[in-house]
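Naming: A, B, ... by sequence-line order, numbering from 1 per chain.
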Amino acid sequence: MPKAMAHWLMKSEPDVYGIDHLEREGTTLWDGIRNYQARNYMRTMAIGDRAFFYHSNAKPPGIIGLMQVVETGLVDPSQFDPASKYFDGASKPEAPRWDCVRLGFLERFDALLSLDQLRQEFSAEDLPVVRQGNRLSILPVSEASAQKLLALLKLA
DNA sequence: GCCAACGTTGGC
DNA sequence: GCCAACGTTGGC
């Protein structure tokens, strides 16, 4: 039996890169991740995995769309670009410190599922993004929570 | 604009 | 290896 696809939650600020940008471009390199835990989660992603697109620093913040992993194990080019805010002088091309994945647009939901609503429906154990102070921009979503999220998002 | 949470850095 | 200082995230 094939391994079941995993689900993720990935944050981005809509003013910087939101669901509108992704819908327009079709796919995007999820670059600029400079947190080891988030990077390590990306390393465990497989092609076909799905990710909920979460708008952070938005009014209100919440889940707005669905993406699919289309390419894995890519070197993040911004770490070598001195003009980039994500430039990392300590990372060497022969041993890149940061990598990323490519994500494809799947769906934009009719209504955003706000953080307030998420807090009503999920505990911090079931969906870590609702935990106060959680700054990690990439989080795993359990299969049960993913199915519940999809049901809630389709209902809206 | 404030500030809680928390990862990272650097002195020792 | 400890931990204080610092910087960043991101909700409010």
- prompt: Does the side chain of Arg131(A) pick up a donor-acceptor pair with the side chain of Ser123(A) at under 3.5 Å?
  reply: no

message: Cation-pi check for Phe122(A) against Lys148(A): NZ or CZ below 6.0 Å from the six-membered ring centre and within 45 degrees of the axis, yes or no?
response: yes

query: Choosing from dG10(C), dG7(B), dG11(C), which nucleotide comes nearest the side chain of Asn35(A)?
result: dG7(B)

message: Measure CG/Asp116(A) against C1'/dC12(C) and give the value in whole Å, please.
response: 10 Å

message: What is the separation between atom CZ on Arg131(A) and atom P on dC6(B), rounded to the nearest whole Å?
response: 8 Å

Trp30(A)/Phe53(A) aromatic ring centres below 6.0 Å: yes

query: Any side-chain N or O of Tyr54(A) less than 4.0 Å from the OP1 or OP2 oxygen of dG11(C)?
result: yes

message: In whole Å, I'd like the distance from the OH atom of Tyr36(A) to the C1' atom of dC6(B).
response: 16 Å

message: Distance check needed: dG1(B) C1' versus Asn57(A) CG, whole Å only.
response: 13 Å

Given DNA chain C, 5'-ward residue of the pair Arg135(A) and Arg119(A), judged by closest heavy atom: Arg135(A)

query: Taking CE from Met10(A) and P from dT9(C), how many angstroms apart are they, rounded to a whole number?
result: 16 Å

statement: Sequence neighbours excluded, the answer for ring pair (Phe, Tyr, Trp, His ring centres under 6.0 Å) partners of Tyr17(A) is His21(A)

Phosphate OP1/OP2 of dT9(C): any Lys11(A) side-chain N/O under 4.0 Å: no

Atom-to-atom span, CH2 of Trp98(A) to P of dG7(B) - whole angstrom: 13 Å

- prompt: Between Leu136(A) (CG) and dT8(B) (P), how many Å, whole number?
  reply: 10 Å

- request: Send over the distance from Asp88(A) CG to dT8(B) P, rounded to a whole Å.
  value: 12 Å

